[in-house]
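Below is one structure; the comments refer to it alone.
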Amino acid sequence: MNKVVNNVEEALVGIEDGMTLMLGGFGLCGIPENSIAQLVKLGVKDLTCISNNAGVDDFGLGLLLHGHQIKKMISSYVGENAEFERQMLSGELIVDLIPQGSLAERCRAGGAGIPAFFTPAGYGTEVAEGKEVREFNGKPHILEMALSADFAIVKAWKGDTEGNLIFKATARNFNPMMAMAGKITIAEVEELVPAGELDPNDIHTPGIFVQRIFKGEKFEKRIEQRTVRIKN
Amino acid sequence: MNKVVNNVEEALVGIEDGMTLMLGGFGLCGIPENSIAQLVKLGVKDLTCISNNAGVDDFGLGLLLHGHQIKKMISSYVGENAEFERQMLSGELIVDLIPQGSLAERCRAGGAGIPAFFTPAGYGTEVAEGKEVREFNGKPHILEMALSADFAIVKAWKGDTEGNLIFKATARNFNPMMAMAGKITIAEVEELVPAGELDPNDIHTPGIFVQRIFKGEKFEKRIEQRTVRIKN
Amino acid sequence: MALDKTGIAKRIAQELRDGWYVNLGIGIPTLVANYIPEGIEVEFQSENGVLGMGPFPFDGEEDADLINAGKQTITVLKGAAFFDSAMSFSMIRGQHVQLTVLGAMEVSQNGDIANWKIPGKMVKGMGGAMDLVASAENIIVAMMHSNREGESKILKKCTLPLTGVGCVKKVVTELAVLEIRDNKFYLIERAPGVSVEEIISKTEGDLVVPDFVPEMVL
Amino acid sequence: MALDKTGIAKRIAQELRDGWYVNLGIGIPTLVANYIPEGIEVEFQSENGVLGMGPFPFDGEEDADLINAGKQTITVLKGAAFFDSAMSFSMIRGQHVQLTVLGAMEVSQNGDIANWKIPGKMVKGMGGAMDLVASAENIIVAMMHSNREGESKILKKCTLPLTGVGCVKKVVTELAVLEIRDNKFYLIERAPGVSVEEIISKTEGDLVVPDFVPEMVL
């Protein structure tokens, strides 16, 4: 069971034009930046990308948008990206905006073999259009479908050779659910350790969900909104 | 925000005849044994208990069965308990047996505001009787409803004063989902530490789900099937 | 005098109750954390996966892996917990969060809210707002009474694409505290020095005005 | 000669493939872990919340907090992970487990399986079996060909309440390896020294017998 690959080139083998990718991260926090750089290099096109956000103009998924590699985005919030807005308003980019909680739950459902579930989020809004509505406990809910992907690409803090992952702080976000929902899941990690070094109680994503793992060469970890207070 | 109570007596205040309780544990592993002992002492009756198993004749929920305190059990496996089988076959005890994965997911759903979801488990069996069937990806699924409880009682390894919980090994099992699904959730822990002592990355059940927490007086941790190999 | 953003945040902070878990949206709502009344403890949840948010970090102590839902660098307090997005929205959808404060472009007298899209012009996405408003039992909207063109945002009926229907119960603006009941806005308090007439003139929706409207005490 | 339980487990172990995640049921299936073919690595999942199960502990080293789904004390190997029951069944339902081995009271030629209830007599519950059989793409049933009364358990149609429908693809008994296709049992292998005639006589379901039926190599 050898899941460890040597580098990002090996990790991304098999990703082709027209595929559906899930990419972890919230804003620029916890995104698989080495893999995104490699996707740019590969030049794969017509991608459907499932990601909570779309990066900023010159980092994260913004890099793929810039190269017109993305055909469709499935996201919840895309407000930090001028090029995104331009492509969307011009019709170059197909955009499916869905509530953040529904996005998270739909990814989890995809990984967990739950084909569909009811949620109150989005009832009475555009999001509910064409979806089944049903009342539970006197409250209307809409039926949401599971999401899955040809490849899920996630970023973890620590990983072991069995594919077990531990995330750091709020860099966890969508990564665990997306790891569950990829036909093939690729994890780039800051620290790759031998099996047995991580406490089995502390694992966030059990290795069963991860097919390939590698140590990322470089993590810039750009901060989107540096906000500080001044020391008195 | 004071969640810490001094003892099991204070922790279980408000539990009354006829209520629905969720109790964590798999077999005798990870069960809230101090709280169960207190339920026996309180003598509350006509309980509906949601628990994966029903204990053994003289431990765990078997103690409540023995005193005829349970009116209805919602479980997945009850095969270690002669008194249980007797009460069920004689009709004294109402039993709702559901697949273990559906039980886990229904508890989670109850805590997560998902009123219902589709699962393939149980299709074509007694479990599917009276339930909606729908095909997804060419495969029939049944609609399962969320479960919730007046009180959820869970057992954790470590807990802090904010109600954050960490479970040990396979004593985790149903405890985290049940903690989510109780209107009031009570946690009995082996070790109770001040807020700040547990690494926020390692928390299994965030404190938001826990209303009362106490250090259990004594944990017998009975082993159901002691299985060992002999040292050469 | 009409309140500034800080004033709105201060007034909303008065709604906090001891032991509550609270989700604060981006903008004015974020400021509410600075004015927690003395003697009560609340814990802030951010939907990107943290419970127990603390103040912003000191310069040089930012951690790129630790942000709030507004993508701002933050710190955490003792007893914090991190979790994934599915767990985070389980808290929200499952009604474990006692209060949600968020901004709005429009609110209508039946409790509808619009805050994520201006057709043909701006589409940032709803983020977690749709989950929050559809689930929360207790929602306070922090907003300005009028837009830049001076048009009321407190309406009979929202004109923009909705974020949620019939969910808003309380609105705090620079001019007033309004409650929504029986398909009407009820004027509960006015900002210090703001006249009832001004509030009436700037409110497009049906407004119920009692004989005596107390001033906010900030 | 008919196989004993160990023999059945050994034969099933030959079905393991490198890199697979495997869930073993209670009873004979548990024994499969003792006969992993050389040169391959598999990882055992137990639905009560562990991946990377190891052998039973040495006497005195049992941990009450570490058990398998049969409630037996276990150990874990390096690289193990613990998780809750919802996560565990996400692995199972989501088809992340490549092979499920479980016991049965009856199997029918359309792939139905019954293993949880004898009406009026015994109800232990289905535990995780219904989730496993409804989800797994690859299910092997380990069972005895006949019950204690000598009646075949390899049937045209199950008589007991079902655990799952049309899900079993392979059955290994003390006498034979059977595959289920096109609503029939196919005789693939026979136990060493067991005659085709004996298997035919003990199989109630429709059985397709090729001209040559190889003996198992154990």
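Naming convention: chains lettered A, B, ... in sequence-line order (proteins, then strands); numbering from 1 in each chain.
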Check this for me: B/Tyr123, atom OH, are more than 12 non-hydrogen atoms of other residues, nucleotides or ligands nearer than 6.0 Å?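 Incorrect, the count does not exceed 12.
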Heavy-atom contacts under 4.5 Å, residues 16-32 of chain B to chain A: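 Contacts with chain A: none.
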Partners passing side chain to side chain donor-acceptor pair (under 3.5 Å) against B/Arg229 (at least two apart in sequence or in another chain):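 Per chain and number, B/Arg229 pairs via side chain to side chain donor-acceptor pair (under 3.5 Å) with no residue.
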With sequence neighbours left out, what residues match A/Arg222 under side chain to side chain donor-acceptor pair (under 3.5 Å)?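 A/Arg222 satisfies side chain to side chain donor-acceptor pair (under 3.5 Å) with A/Asp58, A/Glu220 only.
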Check A/Glu197 with A/Lys158, please: is the shortest side-chain N to carboxylate O separation under 4.0 Å?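 Result for this pair is no, no salt bridge flagged.
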Option that, when pairs with chain A are counted at under 4.5 Å, heavy atom only, ranks first among B/Ala109, B/Ala146, B/Ala116: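 That would be B/Ala116.
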Would you check if there is a donor-acceptor pair between the side chains of A/Glu217 and A/Asn34 at a distance under 3.5 Å?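 No, A/Glu217 and A/Asn34 have no side-chain donor paired with an acceptor closer than 3.5 Å.
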Do the two ring centres, one from A/Phe136 and one from A/Phe118, sit under 6.0 Å apart?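 Yes.
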Proximal component of A/Ile166, with respect to chain B [non-hydrogen, under 4.5 Å]: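 Neither part, no heavy atoms under 4.5 Å.
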Select, from A/Lys139, A/Glu144, A/Arg134, the one with the greatest count of heavy-atom pairs under 4.5 Å involving chain B.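 Ranked by heavy-atom pairs under 4.5 Å with chain B, first place is A/Arg134.
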Salt bridge (charged side-chain N to carboxylate O under 4.0 Å, His left out) partners of residues 172-187 of chain A, not counting sequence neighbours, each pair once: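 As it turns out, the salt bridge (charged side-chain N to carboxylate O under 4.0 Å, His left out) pairs with a partner in residues 172-187 of chain A, which skip direct neighbours, are A/Asp150-A/Lys183.
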